[in-house]
**Q** 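To start, I am sharing the structure in question, which I have written as structure tokens.
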Amino acid sequence: MKNRSLISINDFSREEYFKILDLAAEFEKNPNQNLLNGKIVASLFFEPSTRTRLSFETAIQRLGGNVVGFSEAANSSIAKGESLKDTILTVSQYADLIIMRHPIEGSARYASEVATVPVINAGDGANQHPTQCLLDLYSIHKTQKTLENLNLFLVGDLKYGRTVHSLMMAMSKFNPVFNFVSPESLQMPSEYKKFLDEKKIKYYEHTELNNNINYADIVYVTRVQRERFSDIVEYEKVKNAYILKNEMLKNTKNNMRILHPLPRVNEIDTDVDTNEKAYYFEQAKNGVFTRMAIMALILGLK
Ligand code: CP
């Protein structure tokens, strides 16, 4: 994995997922290590973020590295008309590794093609969010003790949700059954369903969030993302499509855990937060260990 960019979850193999997960578990046991001493990581966020940016920056600091960057394009020379290519070529002169979030699908792949250092995709539009996916795999493995043969419910915005796109592709390596729950206008795009058909992986589509979740091992809830809609009327029609409430969990399996990449708006009622099946804040914490592992491996320090 040394010197390789991470743009899509498909860039890494199943064996490499486990290498990352095993190293993340080591970092969870012993998070303060000086592996990144003398290294500089650039954190370029052209879109808002709390968890991805701050967990990467926490991971860098826990590993003894330094971070430079910006948290919005308005604070960079992009605001003066500089191209993404020139920005990436310039930052490549300063940093050992670039982490980039950008609203345009394909921008991360493009950045990795022009950069002279590895690039980690921290989310490119509705396309991919591979480091979120790896922390999701870590969270699923930690709570289920396996990634194999699980029944996964993916709920909410499956059309624009980059986290569910990455997770579906990664979990497809582990013989899952998928249940997709979304309004008709936000269904899983056909190219992803074709991918599942070709791999002969079972999936079911639902428009209602009902007792079906009683069979779930993982319920992965996502936000309907206002920022992805060009027509606000269409957003208003679906924004409250699903609200998971505590009372809906009473017949669910003991091992079932609720994940959410966050941020949440109102798709999980706050009365769920104290239920032992709610795992989303621990999931966010797992992001630090997983991102420590990803950076250490890409920089060839482990
Ligand atoms: N999960 C996630 O990507 O959250 P942020 O947008 O806060 O980084």
Side-chain angles (χ1 to χ4, degrees), residues 6-9 20 24 41-62 67 69-75 97-105 107-108 111 119-140 142-143 152 154-171 186 218-229 235 239 244 257-268 270 272-273 278-295:
L6 173 54
I7 305 303
S8 160
I9 196 64
I20 293 166
V41 181
S43 163
L44 312 183
F45 277 73
F46 296 89
E47 246 193 1
S49 168
T50 297
R51 277 143 294 272
T52 310
R53 187 171 71 82
L54 297 183
S55 66
F56 260 119
E57 294 188 7
T58 303
I60 294 161
Q61 292 189 30
R62 288 230 185 262
V67 60
F70 49 81
S71 57
E72 50 181 320
N75 289 336
L97 174 67
I98 294 173
I99 295 155
M100 187 180 90
R101 170 171 288 187
H102 196 285
I104 298 177
E105 293 173 34
S107 54
V119 174
I120 296 177
N121 180 8
D124 61 328
N127 186 31
Q128 283 271 319
H129 195 348
T131 66
Q132 175 71 44
C133 182
L134 286 159
L135 80 88
D136 293 341
L137 295 185
Y138 185 77
S139 301
I140 294 169
K142 198 169 154 186
T143 58
L152 296 123
L154 308 184
V155 181
D157 177 0
L158 308 185
K159 180 178 180 185
Y160 300 113
R162 57 194 173 200
T163 61
V164 284
H165 298 160
S166 293
L167 184 61
M168 190 218 74
M169 297 192 100
M171 285 304 295
L186 295 178
I218 293 290
V219 176
Y220 192 97
V221 185
T222 63
R223 172 177 66 99
V224 176
Q225 303 170 90
R226 190 175 192 274
E227 65 273 26
R228 305 280 178 232
F229 285 77
Y235 168 73
K239 69 176 185 185
L244 188 67
R257 290 294 177 273
I258 303 156
L259 272 62
H260 190 313
L262 304 177
R264 155 178 66 180
V265 181
N266 61 356
E267 58 279 0
I268 300 179
T270 52
V272 176
D273 294 358
Y279 193 73
Y280 24 94
F281 292 111
E282 289 96 329
Q283 181 188 358
K285 182 177 179 181
N286 291 338
V288 175
F289 313 125
T290 311
R291 289 177 170 122
M292 289 169 87
I294 294 165
M295 288 188 290

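Just so you know, ligand 1 is whichever comes first in the structure, and atom 1 is the first atom listed for that ligand.
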**Q** Does the side chain to side chain donor-acceptor pair (under 3.5 Å) test come out yes or no for His129 and Arg101, once each step is laid out?
**A** CA-CA 9 Å; His129 195 348; Arg101 170 171 288 187; 3.2 Å; yes
**Q** Mark up the atoms of ligand 1 that fall under 4.0 Å of a heavy atom belonging to Gln132, in ascending order.
**A**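 It comes down to these atoms of ligand 1: 1 (N), 2 (C).
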**Q** Does the side chain of Ser55 pick up a donor-acceptor pair with the side chain of Arg291 at under 3.5 Å?
**A** yes
**Q** Against heavy atoms of Thr50, which atoms of ligand 1 measure under 4.0 Å?
**A**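 Those of ligand 1 that fall under 4.0 Å from Thr50 are 5 (P), 7 (O), 8 (O).
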**Q** Once you measure the plane-to-plane angle for His102 and Phe46, does it fall in the parallel (<30°), tilted (30-60°) or perpendicular (>60°) bin?
**A** tilted
**Q** Name the residue from Ile20, Thr131, Asn121, Ile99 that meets the side chain to side chain contact (heavy atoms under 4.5 Å, CB included) definition with Leu6.
**A** Thr131
**Q** With a cut-off of 4.0 Å, which atoms of ligand 1 are near a heavy atom of Pro261?
**A**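 Under 4.0 Å from Pro261, ligand 1 has these atoms: 1 (N), 2 (C).
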**Q** With a 4.0 Å heavy-atom cut-off (strictly under), which part of Leu262 contacts ligand 1: side chain, backbone, both or neither?
**A** backbone
**Q** Where the closest heavy atom to atom 3 (O) of ligand 1 is concerned, which of His129, Gln283, Arg51, Arg223 has it?
**A**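 Heavy atom nearest to atom 3 (O) of ligand 1 belongs to His129.
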**Q** So Asn286 and Glu282, side chain to side chain donor-acceptor pair (under 3.5 Å) or not? Walk me through it.
**A** CA-CA 6 Å; Asn286 291 338; Glu282 289 96 329; over 6 Å; no
**Q** Please list the nearest protein heavy atom to atom 6 (O) of ligand 1 with its residue and the distance rounded to 0.1 Å.
**A**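 Scanning the protein heavy atoms, the shortest distance from atom 6 (O) of ligand 1 goes to Arg101 NH1, 2.9 Å.
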